[in-house]
Amino acid sequence: MPPRSSSSAPSWCFTTPAATPARRVPSPSISRSTDRGSSSGSPWKPRPTESPTLVGTRFCPPTTGGARTMDETPLEHERRGKVLRLRAAGIEPYPWSWPDRVRSGEVRRRAEALAPGETDPGSPVRVAGRIRAFRTHGRTAFADLEDADGPLQLLLRADDLGEEPYRGWLRDLDPGDIVGAEGHPARSKRGEVSVLVGALTLLTKAIAPPPEKFHGLKDAEERLRRRYLDLIASAESRERFSARSRIVYELRRFLDEAGFLEVETPILTPVAGGASAEPFVTHSRYLDEDLSLRISIELYLKRLLVGGFERVYEIGRCFRNEDADTTHNPEFSLLELYWAYADYNDMRSLVERLYERLGGIVATLLPDRPGAQAAAREFRPPFAQIDFVEALEETMGVRGLLERSPEELARRAREAGAHLPPHASPGRCLDKLFGHYVEPTLRSPTFVMDHPALTTPLAKRHRRLPGRVERFELFYQGVELANAYTELNDPDEQELRFRDQVGESGEDRYAYDADFVEALRHGMPPSTGIGIGIDRAVMALIGAPSIKEVLLFPQTRRRSAPAP
RNA sequence: GGGCCCGUAGCUCAGCCCGGUAGAGCAGGCGGCUCUUAACCGCAAGGUCAGGGGUUCGAAUCCCCUCGGGCCCGCCA
């Protein structure tokens with residue numbers, strides 16, 4: 001670390017040569033001219049040979065390279081002119097680095113003890129961030145800087161910075177520019193935590209202006225398409241996505257502590273199985289075969305149970321070539337977990353502890369978000385449990401539902417508003433009925449238990465209840481948050497169910513995975529498995545109304561070219 | 001796939017019902033101001049009214065089509 005201080009003057013004083021670190025070689029700043037003592041001739045007087053049009057009309061950029069392009073706005077044109085002027089003055093608008101930086105939180109801590117108008121006499125700090133607002137006030141100016149820790153005011157005075165820089169390049173500074181400032185923690189006379197700046201360095205010139213400083217970016221479409229602007233303008237948005245990252249991080253920690261091993265399995269697969277959904281299909285030139293992007297992770301993870309791994313999970317992107325809406329995106333993140341020698345009761349208890357942990361995390365992360373606070377309150381074990389059939393019969397006011405004819409079930413489902421194909425299976429009808437009558441009523445966390453076997457071909461039959469499988473789904477606020485089974489591990493039954501599915505649907509969307517059946521023949525231990533949609537889990541935990549609020553870049557249509 | 005709503009300056013929005021020179025604030029320009037914080041004061045500028053077509057003497061405004069987005073319903077474990 002090179003020496004920072006000078007014996008002759010306060011180290012932060014703008015006009016002191018040692019004001020900036022000696023190693024700051026590739027990072028020219030406004031202190032550059034004084035650094036090198038080039039006192040002859042101000043860099044602010046444009047040299048006529050280089051940019052003649054700067055004389056007289058300050059804001060008419062030079063013609064060389066300054067011509068306004070077709071799709072450039074007047075504002076951007078103006079800012080490009082500033083770039084040229086800065087370069088003409090020997091200031092690099094896009095320097096290389098800004099070492100020894102502290103974040104605004106550090107400054108805030110040091111300035112907290114100060115009285116209004118007081119300056120911390122200790123060592124200077126170097127901060128960096130984007131300028132959100134700029135208030136000039138004659139020979140004093142205020143800039144609102146923002147970095148990862150939040151906002152921080154810069155207090156800039158001509159007396160500190162020097163006449164030429166203050167009247168010169170500071171005027172070419174705009175909201176949206178990224179700057180580095182060196183100076184002392186201070187409080188303004190009004191008490192605002194600030195940095196009393198001794199030297200200000202342009203770190204990145206923004207050509208395009210940021211969103212409006214007070215209202216931000218509201219247009220829903222623009223917020224999705226240009227998420228970076230949403231993030232610049234909205235602390236709430238930044239916190240939301242940070243919270244998502246933390247949720248996934250805590251999820252991994254929880255599972256690792258529980259002894260589960262994270263693995264990675266193929267996304268490009270010959271057969272997209274494990275769920276009923278339309279896959280995206282692509283083509284391998286190497287194999288000269290069509291491959292599907294996975295729609296679930298299930299069948300590969302179960303192969304690992306056959307292979308001897310006893311607790312595995314994967315968190316990964318899955319893809320379904322279907323519509324997008326407030327709860328669906330064509331690509332989404334799925335957690336699947338498989339646990340040998342355990343059953344769905346063990347899994348239920350794991351899920352309770354998991355959501356309890358995550359609820360506590362979001363409550364801490366997002367103290368001002370009602371949805372997050374509600375989640376922390378609600379996800380307290382034990383969660384409610386209801387029996388699939390009992391709950392449905394009670395809500396519908398019908399007895400013996402499982403003994404009703406397929407025709408009656410289809411009729412009742414259609415009466416409930418479901419659009420069903422002519423020969424919809426009874427299982428499908430029961431699913432529809434449950435989705436219509438019961439699911440919307442499940443507001444607090446509720447396990448729906450022991451589905452009819454008809455609705456769930458891939459789970460193991462119930463050990464006591466005939467016609468049922470060992471399965472649970474977790475619902476919260478009417479949305480499914482988890483789906484778990486005691487897994488089917490009988491290879492012959494698995495083969496039959498694959499065949500039934502393919503035959504019954506009459507569609508090619510159900511894929512017969514012969515290789516998976518072959519794996520089961522070698523013996524998969526009794527196991528339980530679960531799938532949790534990460535995006536929906538995050539939505540539930542933070543109270544987001546749409547999946548687009550928890551996806552950084554949700555799928556959007558290509559912007560169309562103007563019609564001819 | 002069906003219904004409803006939205007698209008005006010870089011950003012946030014008026015104007016649209018009831019057709020008659022397209023407005024404001026922020027941001028940007030010029031000038032002023034040594035403690036402001038949505039700073040303030042003065043001046044000047046900034047537009048493919050999403051795109052195309054139609055009605056009309058005249059269309060941001062009325063009608064049709066297209067594009068993009070949002071919400072609801074449907075479809076999709």
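Note: hydrogens, waters and symmetry copies are ignored here, and every other heavy atom, side chains too, is used. So you know, we letter chains A, B, ... as the sequences are listed, proteins then strands, and number each from 1.
Comparing B/rG31, B/rC35, B/rG29 by their nearest atom to the side chain of A/Leu155 picks out B/rC35. The side chain of A/Ala220 sits closest to B/rG70 out of B/rG28, B/rG46, B/rG70. The A/Glu221 side chain lies nearest to B/rG68 when the options are B/rG68, B/rC11, B/rC71. Closest to the side chain of A/Pro211, out of B/rC11, B/rG31, B/rC35, is B/rC11. Minimum atom distance to the side chain of A/His215 is reached by B/rU12, of the listed B/rC35, B/rC75, B/rU12. Of all nucleotides listed (B/rU12, B/rU34, B/rC71), B/rU34 comes nearest to the side chain of A/Arg139.
Contact annotation: A/Arg190 reaches the phosphate of B/rU37 (side-chain N/O to OP1 or OP2, under 4.0 Å). Within the 4.0 Å cut-off from OP1 or OP2 of B/rC75, at least one side-chain nitrogen or oxygen of A/Lys432 is found. A/Arg132 has no side-chain polar atom (N or O) that falls below the 4.0 Å cut-off from OP1 or OP2 of B/rC26. In this model, the phosphate group of B/rU34 is not approached by any side-chain N or O of A/Lys189 to a distance below 4.0 Å at OP1 or OP2. An OP1 or OP2 oxygen of B/rC35 is reached within less than 4.0 angstrom by a side-chain nitrogen or oxygen of A/His137. The side chain of A/Lys82 contributes no N or O atom lying less than 4.0 Å from OP1 or OP2 of B/rG28.
Among the protein residues, A/Asp325 comes within range of the nucleic acid bases, having at least one heavy atom under 4.0 Å from a base atom. Nucleic acid contact class of A/Tyr485 (heavy atoms, under 4.0 Å, all strands): base. Residue contacts shown for A/Leu75 include a base, since a base heavy atom lies under 4.0 Å away. Within 4.0 Å (heavy atoms only), A/Asp431 reaches no atom of the nucleic acid at all. Backbone-only contact: A/Thr556 has heavy atoms under 4.0 Å from sugar-phosphate atoms and none from a base. Looking at heavy-atom distances under 4.0 Å, A/Ser194 makes no contact with the nucleic acid at all. Heavy atoms of A/Leu224 sit under 4.0 angstrom from primed sugar atoms or phosphate atoms, though from no base atom. Within the 4.0 angstrom heavy-atom criterion, only backbone atoms of the sugar-phosphate kind lie near A/Gly216; the bases stay farther away.
Here B/rC49 presents its C1' atom at 15 Å from CG of A/Asp219, a figure rounded to the nearest Å. The interatomic distance linking A/Leu196 (CG) with B/rC35 (C1') rounds to 11 Å, in whole Å. Atom CZ in A/Arg135 sits about 7 Å away from atom P in B/rA38, given to the nearest Å. In this entry the distance linking CZ of A/Phe142 with C1' of B/rU37 reads 8 Å, nearest Å. Atom pair A/Lys548:NZ and B/rG68:C1' shows a separation of 13 Å (rounding to whole Å applied). Spacing between atom CZ of A/Arg225 and atom C1' of B/rC67 amounts to 10 Å, rounded to whole angstrom units. In this structure, CZ of A/Arg223 is placed 15 Å from P of B/rG69, rounded to the nearest angstrom. For the pair A/Asp172 CG and B/rG29 C1', the interatomic distance rounds to 12 Å; values are reported in whole Å.
Looking at A/Gln153, its side chain comes within 3.5 Å of the base of B/rU36 through a donor and an acceptor atom. Side-chain atoms of A/Ser188 and base atoms of B/rU36 include a donor and an acceptor less than 3.5 Å apart. For B/rU34, the base has a donor-acceptor partner in the side chain of A/Asp159 [N/O atoms by modelled type, under 3.5 angstrom].
In this structure, B/rC43 and B/rG29 make a Watson-Crick or G-U wobble pair, each of the two defining distances being under 3.5 angstrom. Pair assignment for B/rC71: B/rG3, on the basis of Watson-Crick or G-U wobble contacts that are both within less than 3.5 Å. Both distances falling under 3.5 Å, in either a Watson-Crick or a G-U wobble arrangement, occur for no nucleotide opposite B/rC16.
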Could you list the donor-acceptor pairs under 3.5 angstrom formed between side-chain atoms of residues 475-485 of chain A and any protein atom two or more places apart in sequence or on another chain?
{"unit_1": "A/Gln477", "atom_1": "OE1", "unit_2": "A/Arg443", "atom_2": "NH2", "d": "3.0"}
{"unit_1": "A/Asn483", "atom_1": "OD1", "unit_2": "A/Arg471", "atom_2": "NE", "d": "2.9"}
{"unit_1": "A/Asn483", "atom_1": "OD1", "unit_2": "A/Arg471", "atom_2": "NH2", "d": "3.3"}

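For the residue pair A/Arg536/A/His328, the side-chain donor-acceptor check at 3.5 Å is satisfied. For the residue pair A/Thr455/A/Asp431, the side-chain donor-acceptor check at 3.5 Å is not satisfied.
The gap from the C1' atom of B/rG23 to that of B/rU61 amounts to 15 Å, rounded to the nearest Å. The C1' atoms of B/rG46 and B/rG3 are separated by 40 Å, rounded to the nearest whole Å. Comparing the C1' positions of B/rC43 and B/rG53 gives a spacing of 43 Å, expressed to the nearest Å. Distance check on atom P: B/rC62 versus B/rG20 gives 11 Å, rounded to whole Å. Look at the C1' atom in both B/rC49 and B/rC16: the space between them is 11 Å, to the nearest Å. Taking the P atom of each, B/rU37 and B/rA45 are spaced 29 Å apart, rounded to whole Å. Separation of the P atoms belonging to B/rA9 and B/rA24 is 14 Å when rounded to the nearest angstrom. Rounded to the nearest Å, the gap between the P atom of B/rC71 and that of B/rG54 is 35 Å.
Under 4.0 Å is where a charged nitrogen must lie from a carboxylate oxygen, and between A/Arg411 and A/Glu415 at least one such pair does. A salt bridge is absent between A/Asp144 and A/Arg132: the closest approach of a Lys/Arg side-chain nitrogen to an acidic carboxylate oxygen does not fall below 4.0 angstrom. Taking the charged nitrogens against the carboxylate oxygens, A/Glu439 and A/Lys432 have no contact shorter than 4.0 Å, which rules out a salt bridge. Salt bridge A/Glu106/A/Arg110: absent, no basic N to carboxylate O contact under 4.0 Å. Taking 4.0 Å as the cut-off between side-chain N and carboxylate O, A/Arg468 and A/Asp387 count as a salt-bridged pair.
Both A/Thr455 and A/Leu217 lie near RNA chain B, and the one whose nearest nucleotide falls closer to the 5' end is A/Leu217. Heavy-atom distances to RNA chain B give each of A/Asp174 and A/Pro209 a nearest nucleotide, and the one nearer the 5′ end belongs to A/Pro209.
Evaluation of the side-chain contact (heavy atoms from CB on, under 4.5 Å) rule for A/Arg348 yields A/Asn345, A/Gln385, A/Phe447, A/Met449, A/Phe472 as partners, not counting sequence neighbours.
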